[in-house]
Amino acid sequence: MTTSAQLLQGPTRRLGDRVVGPGHPVYITGEIGINHNGELANAFALIDQAAAAGCDAVKFQKRTPEICTPRDQWDIERDTPWGRMTYIDYRHRVEFDADDYRQIDEHARARGIAWFASPWDVEAVDFLEQFDVPAHKVASASLTDDELLRRLRATGRTIILSTGMSTPKQIRHAVEVLGSENIVMCHATSTYPAKPTELNLRMIHTLQSEFPNVPIGYSGHETGLQTTLAAVALGAVFVERHITLDRAMWGSDQSASVEPPGLQRLVRDVRIITESLGDGVKKIYDGELAAMKKLRRVQDSSEPQLASTGS
Ligand SMILES: C=C(OP(=O)(O)O)C(=O)O
């Protein structure tokens, strides 16, 4: 028979002062991404909301626009909240520089919440390395970028690896390049918003069996909260959801993001679900004894009696 120790044991990783893995509180990350729209005030407000909700961390995306934007798209014009501009100018408009991140670092520390980012290119890793971040993240889109993965491995930090839009072979290769000892892997479906029929949450169990030495989490892009809670019930030890101040704000990720009241409910319910999962070892609770005495017609002399802790 499985014991509680077996159920609550499993691979763990350190993220700053937190341990992530079975038997530890689910690590909840509010993915700001670029939902700040290049405004520090929005980033601060999102950090405040995530901290107030009880998230463990917020996350950003860091790109070097000239590297991440294909050359043939630089000059394409588009309408933005700041007027009509070229795509490359827009990509710059939504990036924070080192001074901005220093302020973000201070703001997050003051709120008692960690922050980290997904660097989308090697220069962005170098940029983020000037800060004492607890981890780096590999966005699903970057899973096949071996050069980026090698640079990330060299940082020695914990790496969160998202697996949307990827084949099992690509995932195994990414794990080989990153090394399995420092990673937390997230099941993800990279559609925005993701339909329930495409979430395939049982992949959490598939990844747990295929990578028994890696903590498995979930990065969600669905609109509701139930499916993320189901991921936790299935054993996800790390959860990430996009967060926004207002889903109607300008930006492609906003509509698939969680607003502040939803974030509060999500964190509350993740914590309740974690407590309710227990240790999987049958016991009779003190509170059941009175009900047993009243309701059970055929008592068994070996049953625990009132005031016993039972087991
Ligand atoms: C897009 C990202 O991640 P995911 O693939 O988990 O959505 C990201 O972290 O920047």
Side-chain angles (χ1 to χ4, degrees), residues 15 20 26-38 43 46 50 55-65 67-69 91 94-96 101 104 114-125 127-128 133-145 148-149 151-152 155 157-168 170-171 174-175 178 183-195 198-201 203-204 207 211 214-223 227-228 231-232 236-244 251-258 266:
L15 260 85
V20 179
V26 175
Y27 195 95
I28 306 177
T29 301
E31 157 71 318
I32 293 176
I34 54 169
N35 278 353
H36 50 70
N37 283 345
L46 284 161
C55 289
D56 298 286
V58 290
K59 194 195 136 291
F60 294 88
Q61 295 177 354
K62 182 64 190 155
R63 293 176 177 82
T64 310
I67 299 175
C68 289
T69 313
R91 294 295 346 173
V94 293
E95 282 304 323
F96 289 138
Y101 271 105
I104 284 168
W115 73 273
F116 60 97
S118 48
W120 285 59
D121 55 82
V122 168
E123 268 187 40
V125 182
F127 174 91
L128 290 167
V133 286
H136 294 301
K137 166 128 185 263
V138 178
S140 300
S142 305
L143 180 137
T144 51
D145 185 342
L148 178 66
L149 303 192
R151 174 68 187 98
L152 284 167
T155 67
R157 295 189 198 270
T158 300
I159 306 296
I160 317 296
L161 172 67
S162 247
T163 55
M165 61 174 97
S166 307
T167 65
Q170 289 170 330
I171 296 171
V175 172
L178 281 169
I183 65 173
V184 173
M185 188 184 294
C186 288
H187 169 55
T189 299
S190 301
T191 46
Y192 298 79
K195 294 187 271 194
E198 293 181 351
L199 290 181
N200 199 9
L201 292 178
M203 267 305 298
I204 290 168
L207 294 175
F211 302 98
V214 175
I216 304 298
Y218 176 65
S219 173
H221 308 115
E222 60 271 36
T223 44
T227 41
T228 299
V232 171
V237 293
F238 173 102
V239 158
E240 181 181 304
R241 287 294 304 266
H242 284 257
I243 59 172
T244 179
S252 56
D253 290 344
Q254 310 276 10
S255 66
S257 301
V258 181
L266 178 71

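What's counted below: heavy atoms across the whole structure, side chains too, no hydrogens, waters or symmetry copies. For ligands, and for the atoms within them, numbers begin at 1 and follow the listed sequence.
- Those atoms of ligand 1 that come under 4.0 Å of a heavy atom in Lys137, given as number and element, are 2 (C), 3 (O), 4 (P), 6 (O), 8 (C), 9 (O).
- Each of the following atoms of ligand 1 lies closer than 4.0 Å to a heavy atom of Trp120: 1 (C), 10 (O).
- Nearest protein neighbour of atom 5 (O) of ligand 1, counting heavy atoms only, is Ser140 OG, 2.6 Å.
- Near Gln61, with a cut-off below 4.0 Å to any heavy atom, the atoms of ligand 1 are 1 (C), 8 (C), 10 (O).
- Residue Ser118 forms a side-chain hydrogen bond (donor to acceptor under 3.5 Å, both in side chains) with just one option from Gln61, Glu31, Lys59, and that option is Lys59.
- Residue Glu31 places a heavy atom under 4.0 Å from ligand 1.
- The backbone N or O of Leu199 lies less than 3.5 Å from a partner atom in the side chain of His187, making a donor-acceptor pair.
- Ring-plane geometry between His242 and Tyr192 is classed as perpendicular, the angle between the planes exceeding 60 degrees on a 0 to 90 degree scale with a lower cut at 30.
- The aromatic rings of Phe116 and Phe238 sit tilted, their planes meeting at an angle between 30° and 60°.
- The two residues Asn35 and Ile243 come nearest to each other via the heavy atoms ND2-O, 2.9 Å.
- Nearest protein heavy-atom contact of atom 7 (O) of ligand 1 is His221 NE2, 2.5 Å.
- Residue Tyr192 places a heavy atom under 4.0 Å from ligand 1.
- Contact annotation: for Phe116 versus ligand 1, there are no heavy atoms closer than 4.0 Å.
- Under a cutoff of 6.0 Å and an axis angle of 45°, Lys62 and Phe96 do not form a cation-pi pair.
- If you look at Ala139 next to ligand 1, the close heavy atoms, those under 4.0 Å, come from the backbone and the side chain alike.
- Regarding atom 6 (O) of ligand 1, its nearest protein heavy-atom neighbour is Ser162 OG, 2.5 Å.
- No donor-acceptor contact under 3.5 angstrom links the side chains of Ser257 and Arg241, judged on distance only.
- Residue Glu123 places its CD atom among 12 or fewer non-hydrogen atoms of other residues, nucleotides or ligands, all under 6.0 Å distant.
- Nearest protein heavy-atom neighbour of atom 10 (O) of ligand 1: Ser118 OG, 2.7 Å.
- The contact set between ligand 1 and Ser219, taken as ligand atoms under 4.0 Å from a residue heavy atom, comprises 4 (P), 6 (O), 7 (O).
- Taking distance alone, with nitrogen or oxygen atoms compared against 3.5 Å, His242 stays at or beyond that limit from ligand 1.
- Using a cutoff of 4.0 Å between basic side-chain nitrogens and carboxylate oxygens, Lys137 and Glu240 are scored as salt-bridged.
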